[in-house]
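Taking it in order: structure first as structure tokens, then the write-up.
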2 protein chains.
Amino acid sequence: MSSSYPGRGVHGRVVELLGERVASGMIREGDTLDLRSLSAELGVSMSVVRESVRVLAAKGLVDSRQKRGTFVRPRTEWNLLDADVVRWRARGGDTARLMADLAELRALIEPAAARFAAQRRTENQLADLDQALDCMDRTRGDPRAHALADLEFHRCLLAASGNELLSRMDLLVAPGLVERDILVHSADPKADPVPAHRAVVDAVRARNPDAAEQAMRALLAAADADLRRLAGTALDPPNRKDRP
Amino acid sequence: MSSSYPGRGVHGRVVELLGERVASGMIREGDTLDLRSLSAELGVSMSVVRESVRVLAAKGLVDSRQKRGTFVRPRTEWNLLDADVVRWRARGGDTARLMADLAELRALIEPAAARFAAQRRTENQLADLDQALDCMDRTRGDPRAHALADLEFHRCLLAASGNELLSRMDLLVAPGLVERDILVHSADPKADPVPAHRAVVDAVRARNPDAAEQAMRALLAAADADLRRLAGTALDPPNRKDRP
DNA sequence: GGCGTAAAAATAATTCAGATTTATTTAGGC
DNA sequence: GCCTAAATAAATCTGAATTATTTTTACGCC
């Protein structure tokens, strides 16, 4: 959905497939991909395989050197900030660490974005926030639509921060957000996240940076608490020592 | 240097060239790229052009649709968090806004990374930090080597944060850092940034999160002050209202 | 005559097949 | 130990066939 590769086309499917295989560890670091075998296995021509490999190379997942072949690069060189890479990892299994890292980043990014938004928001951006809030209000009862509205709200807030780079972090906040929304909404349909969101908008409207930052922290803390209550301690920060 | 495309090879050069043209605005949003003309203009075959376009598409810069052609996507859909895109933008001209956004992000990311590092660093990571510090100390006098050592220090710190996503933000801190280092060091060779860096390491060693965060803030503030002193108010946050 | 729907044409990317070139590693020769 | 040659796999090129989508055209209906 948020991919750069529309569903149509053979190339897109090959990229997705190879991306998942690499990100999931099914093809390990240093392993070489035999392009010819892949061409045969997937029933596509070399052109398609080559173009797909180029895309993976553009995201730092693989490298192609003459004579040595195409091999998986070490994890430390992957573009982990790429939306596709995040998605492939999420599908590939190691969601625990990924989600923990994403949550930490959100806790870092969003309060700051709220602060900036309170300082720099335009009238249009404020209107967008109001509209997203309305949409969240209206879609209560429809989990899927509500999750989309929630995401749109956070997107608008990041956009209002006036920092393009911060704004593009929406790709990183999205996965954690939708997971939370699905879980929480299915278990506790009466919960209403709108007031907490409205508090953020009110602070942004009043151009009060401290209040905006604080309201966003409260929102994230509440979301995190919901998650812990439902999923036990699954999202507790794991012991991170002794990582190579 | 930090690119995914080794200097060797025709493909890499075409990607660089097209990336710069798009990122610099030389080819504007919505404009279509005529692959056939490009093939003729650059003296390469369609295969190379197609594979290069795929890479740009992977970074969200362009989209290829049958019948309509290959066109530049709106800026809002570019992967601004991609190292190549950052580099192309930097070369393309709009450095003012880019550097301001990068600086804001650094001010957000690095103190948090220092805090996490103080909580979670391993002995090996601490040793890496010490080594980077030594290297900074030894390379005083050689601006280029010193800038590299400085960068390596910040990379080690991000790595010690124990958060892979945070760690990959090194791609974003690098451009601003080298610009600063070049400017400061050429104008004021006697300035010694090592003590400020050592303060961060000491706090990380002592596992004192508050001190680490504070030391990093101080470091960034000092760097920013240097920059302002030398470049006037060039990096003052511009008035960001009334952006569409 | 105006309008909406369905078939047909045009177009550019997409995919394919296979030959040629280039760079790099490994092995062999001086 | 250094230089040369063979082997290898990616890199590049060529040009044709295919596919999907837009635009146009034609037809029938109101």
Side-chain angles (χ1 to χ4, degrees), chain A residues 1 3-19 21-22 27-74 77 84, chain B residues 1 3-19 21-22 27-74 77 84:
Chain A
M1 182 184 302
S3 168
S4 314
Y5 318 103
R8 52 196 183 287
V10 178
H11 167 73
R13 276 187 288 119
V14 174
V15 171
E16 287 296 311
L17 189 131
L18 291 182
R21 283 192 187 177
V22 172
I27 309 176
R28 265 172 293 185
E29 295 182 18
D31 284 2
T32 65
L33 323 191
D34 183 4
L35 306 195
R36 208 162 295 183
S37 311
L38 282 172
S39 167
E41 177 197 343
L42 306 176
V44 298
S45 72
M46 286 297 289
S47 311
V48 172
V49 174
R50 282 184 49 73
E51 287 172 22
S52 304
V53 163
R54 282 268 192 262
V55 171
L56 295 194
K59 296 178 186 300
L61 266 56
V62 304
D63 195 5
S64 298
R65 308 270 290 266
Q66 285 181 157
K67 169 70 187 174
R68 291 187 47 185
T70 297
F71 50 89
V72 177
R73 295 174 76 177
E77 297 174 26
D84 291 319
Chain B
M1 183 185 302
S3 166
S4 314
Y5 317 105
R8 52 195 183 285
V10 178
H11 166 75
R13 277 188 288 119
V14 174
V15 171
E16 286 297 311
L17 188 131
L18 290 181
R21 283 193 187 176
V22 172
I27 310 176
R28 267 173 292 186
E29 293 181 20
D31 284 2
T32 65
L33 324 192
D34 184 2
L35 305 194
R36 207 162 295 184
S37 310
L38 282 171
S39 167
E41 176 195 344
L42 305 176
V44 298
S45 73
M46 287 296 290
S47 312
V48 172
V49 174
R50 281 185 50 73
E51 287 171 21
S52 304
V53 163
R54 282 268 192 263
V55 171
L56 296 195
K59 296 176 187 299
L61 266 54
V62 304
D63 194 6
S64 297
R65 308 269 292 264
Q66 286 181 154
K67 168 69 187 175
R68 292 186 49 184
T70 297
F71 51 89
V72 177
R73 294 174 76 176
E77 297 174 26
D84 292 319

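Not measured: the values here are computed from a predicted model. To find a chain, count down the sequence lines: A is the first, B the second, and so on, and within it residues start at 1.
- A:Leu42 contributes atom CG, which lies 6.5 Å from atom CG of A:Leu18 (distance to the nearest 0.5 angstrom).
- Regarding contacts with the backbone of C:dA12, every side-chain N or O of B:Arg36 stays at 4.0 angstrom or more from both OP1 and OP2.
- Comparing atom distances between the B:Thr70 side chain and each of C:dA13, D:dT8, D:dT21 picks out C:dA13 as nearest.
- The 5' end of DNA chain C is approached more closely, in terms of each residue's nearest nucleotide, by A:Glu51 than by the other of A:Glu51 and A:Lys67.
- Nearest to the side chain of A:Arg68, among C:dT25, D:dA11, C:dT15, sits C:dT25.
- Dashed line: the shortest gap from a side-chain N or O of B:Arg54 to OP1 or OP2 of C:dA13 is not under 4.0 Å.
- Per the geometry, CG belonging to A:Leu38 stands 14 Å off P belonging to D:dA9, to the nearest Å.
- Residue A:Val62 comes nearest to A:Val53 through the heavy atom pair CG2-O, 3.8 Å, listed as atom of the first residue, atom of the second, then distance.
- The phosphate of C:dA13 (OP1 or OP2) has no side-chain N or O of B:Arg50 nearer than 4.0 angstrom.
- Taking atom CG of residue B:Leu33 and atom P of nucleotide C:dA12, one finds them 14 Å apart after rounding to whole Å.
- One can place NE2 of B:His11 at 16 Å from C1' of D:dC13, the figure rounded to the nearest angstrom.
- Overall bending of the helix from C:dG1-D:dC30 to C:dC30-D:dG1, expressed as the angle between end axes built from five pairs apiece, is 10° (10° steps).
- For B:Leu42 and D:dT12, the CG to P distance is 13 Å, given to the nearest whole Å.
- In this structure, A:Arg65 atom CZ and D:dA10 atom P are separated by 13 Å, rounded to whole Å.
- Which of C:dT11, C:dT14, D:dA7 sits closest to the side chain of B:Ser64 comes down to C:dT14.
- In this structure, the side chain of B:Ser52 engages the main chain of B:Val48 through a donor-acceptor pair within 3.5 Å.
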Seminar exercise, completed: Protein heavy-atom contacts under 4.0 Å, written 5' to 3' over nucleotides 16-22 of chain C as B (base), S (sugar-phosphate only) or - (none), form the string B-----B
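- Proximity of a side-chain donor or acceptor of A:Thr32 to a complementary backbone N or O of A:Thr70 within less than 3.5 Å is not detected.
- At a threshold of 4.5 Å between non-hydrogen side-chain atoms, the residues B:Met46 and B:Leu35 count as touching.
- Sorted by first then second residue, the side chain to side chain donor-acceptor pair (under 3.5 Å) pairs that include residues 40-49 of chain B, not counting sequence neighbours, are B:Arg21-B:Glu41.
- Rounded to the nearest 0.5 Å, atoms CD (B:Glu51) and CZ (A:Arg54) are 4.5 Å apart.
- In this structure, A:Glu29 CD and A:Glu77 CD are separated by 9.0 Å, a value rounded to the nearest 0.5 Å.
- Summarising the geometry, atom CD1 belonging to A:Ile27 is positioned 5.0 Å from atom CG belonging to A:Leu33; distances are rounded to the nearest 0.5 Å.
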